[in-house]
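In what follows, a single structure is set out as structure tokens and then discussed.
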2 protein chains.
Amino acid sequence: MATTPAGDTRGRRADARRNITAILDAALTCLSRDPDVSIGEIAKAAGVGRVTLYGHFASRAELVDAAFARILQQADQALAAVDTSGDPRHALTDLIASSWRIVARFRALLVAAERELAAERIRAHHDQALRHIRTLLARGQRDGVFRNDLPTSWLVAVFYSTLHSAADEITAGRLREHDAPQMITATLLSAYTPPPDSPPRTTSA
Amino acid sequence: MATTPAGDTRGRRADARRNITAILDAALTCLSRDPDVSIGEIAKAAGVGRVTLYGHFASRAELVDAAFARILQQADQALAAVDTSGDPRHALTDLIASSWRIVARFRALLVAAERELAAERIRAHHDQALRHIRTLLARGQRDGVFRNDLPTSWLVAVFYSTLHSAADEITAGRLREHDAPQMITATLLSAYTPPPDSPPRTTSA
DNA sequence: GTTAAGTCGAACACCGATGTTCAAGTTAGG
DNA sequence: CCTAACTTGAACATCGGTGTTCGACTTAAC
């Protein structure tokens with residue numbers, strides 16, 4: 001058995017490591033299909049006994065946490081790979097596209113996480129990935145390309161909620177997956193555009 | 001006992017009617033404080049026996065449904081009272097203010113509803129209230145004040161998600177309740193503004 | 001080949017809130 | 001005042017997933 005708390009695969013035997021990733025994979029597909037799947041279902045999908053699963057993950061919450069962490073880590077990597085050096089508006093479009101792939105695919109996983117994990121924990125998982133967004137938005141604000149009259153944290157929140165809103169609209173059947181990225185982009189670019197009146201600009205004469 | 005399924009107070013005895021509203025009131029305050037309150041807690045808060053509560057609401061889901069319906073009905077009335085005849089941008093500001101009061105106060109109730117009720121049911125409850133938003137947005141689109149390159153349903157979704165996002169930000173401590181309405185308004189007005197390039201305009205020469 | 005690590009299935013205790021039943025007590029309403 | 005409607009607390013059945021324990025078996029690793 002593995003009494004070790006976390007999913008650190010070091011020191012484990014080869015078959016154990018194999019099973020851990022199999023369980024994680026199964027958890028991902030199962031949970032993103034139905035946030036309420038039982039542990040038994042996940043174990044079965046992983047081709048593993050329920051007891052074995054509990055040998056690696058002490059509780060349902062711990063499993064969900066691990067699965068969720070994995071996705072957000074994957075998201076972090078995807079966003080890190082985006083070139084955000086150029087025009088902020090163009091970079092934003094790319095970040096949206098990258099984020100969207102993951103959000104669209106694993107939206108149900110977030111529901112599972114919300115059921116199982118504390119709100120701050122969920123936020124903590126997001127932190128790394130969202131930092132890419134925040135960084136770009138902040139730069140855009142400094143450059144005067146994005147509005148400066150609202151705090152960066154709020155712009156990040158709007159980014160996040162717009163993406164998830166699109167996912168919900170797809171689930172509800174009011175939006176086609178194909179159209180989502182473009183709508184999100186159009187919406188956010190407008191939302192981030194500096195308002196016509198007050199704030200100081202650096203670009204204009 | 002009351003075998004009648006719903007909360008129709010007609011034909012009930014006076015004390016029964018009184019209890020029903022007391023229960024509903026208690027459910028509202030309790031659920032919006034903690035989405036996971038037990039039925040017993042709600043009954044106690046209503047000054048009523050648990051059995052009495054079950055006499056009026058057959059299940060937890062039914063109670064949540066009724067409480068949720070009540071709030072959305074209240075929201076519907078509040079929105080209906082807003083004068084939306086003038087400048088769409090100004091009217092939107094008013095609708096946001098009205099909506100916000102309710103969203104900010106009962107955000108936790110939505111969480112409870114999401115746990116207990118089917119997604120379509122939740123949507124159905126929203127329908128009436130959201131219709132006011134939709135109507136105004138559609139008019140603004142026709143008038144060329146709001147962008148026409150995105151479907152009205154999407155604009156409604158953005159409205160909804162931005163409000164709730166603000167509520168979440170407050171819960172997370174990243175936003176002060178006082179600042180929310182202004183930020184929401186600024187964000188949505190920008191988001192709804194027609195993009196500079198393509199679409200046909202009626203106002204400009 | 002030896003050993004420790006890992007796996008397996010079955011069986012179990014647990015849990016806490018939900019929802020039900022009962023018989024006795026109140027209260028509204030005519 | 002009489003009756004039917006209503007309330008009440010206590011006690012109970014239930015329920016399904018969770019998490020644990022067991023002893024026997026397999027497999028990786030050296």
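The sequence lines fix the lettering, A, B, ..., with proteins before strands; numbering per chain opens at 1. Heavy-atom basis, side chains included; hydrogens, waters and symmetry copies ignored.
No donor-acceptor pair under 3.5 Å is formed between the side chain of B/Arg134 and the backbone N or O of B/Asp127. Remark: the backbone N or O of B/Ile102 is not paired with any side-chain donor or acceptor of B/Arg105 at under 3.5 angstrom. With hydrogens and angles ignored, the 3.5 Å screen pairs no side-chain donor or acceptor of A/Glu41 with any backbone N or O of A/Asp36.
Atom P of nucleotide D/dT27 and atom CZ of A/Arg18 are separated by 10 Å, given to the nearest angstrom. The nearest whole Å value for the distance from the CG atom in B/Asp15 to the C1' atom in C/dA28 is 6 Å. As a whole-Å value, the separation of A/Arg12 CZ from D/dA28 C1' is 15 Å. Look at CG on A/Leu31: it is 15 Å from P on D/dG17, rounded to the nearest Å. If you measure from atom CD1 of B/Ile39 to atom C1' of C/dT20, you get 14 Å, rounded to the nearest angstrom. One interatomic measurement links the two molecules: CD1 of B/Ile20 to P of D/dA5, which rounds to 15 Å at whole-angstrom precision. Note: NZ (B/Lys44) to P (D/dT7) measures 20 Å, nearest angstrom. Here C/dG6 presents its P atom at 13 Å from CD1 of A/Ile23, a figure rounded to the nearest Å.
Candidate nucleotides C/dG9, D/dG19, C/dG19 were compared by shortest atom distance to the side chain of A/Ser59, and D/dG19 ranks first. For A/Thr52, taking side-chain heavy atoms from C-beta onward, the closest of the listed nucleotides D/dA29, C/dC8, D/dT8 is C/dC8. Closest contact between the side chain of B/Tyr54 and the listed nucleotides C/dT7, D/dG19, C/dT20 involves C/dT20.
Taking the nucleotide of DNA chain D with the nearest heavy atom to each of B/Gly49 and A/Arg50, the more 5' of the two is matched to B/Gly49.
For A/Arg13 against D/dT27, a side-chain-to-base donor-acceptor contact under 3.5 Å is present.
Under the 3.5 Å distance criterion, with hydrogens and angles disregarded, no donor-acceptor pair is assigned to the side chains of B/Arg70 and B/Gln73.
Using a 4.0 Å cut-off, some side-chain N or O of B/Asn19 falls inside it from OP1 or OP2 of D/dT7. Close to C/dA17, at under 4.0 Å from its OP1 or OP2, lies no side-chain N or O of B/Ser38. One finds a side-chain N or O of A/His56 lying less than 4.0 angstrom from the OP1 or OP2 phosphate oxygen of C/dT7.
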### Task
Under the side-chain contact (heavy atoms from CB on, under 4.5 Å) rule, what do A/Leu110 and A/Glu114 come out as? Steps first, then yes or no, please.
CA-CA 6 Å; A/Leu110 177 63; A/Glu114 278 169 347; 4.0 Å; yes
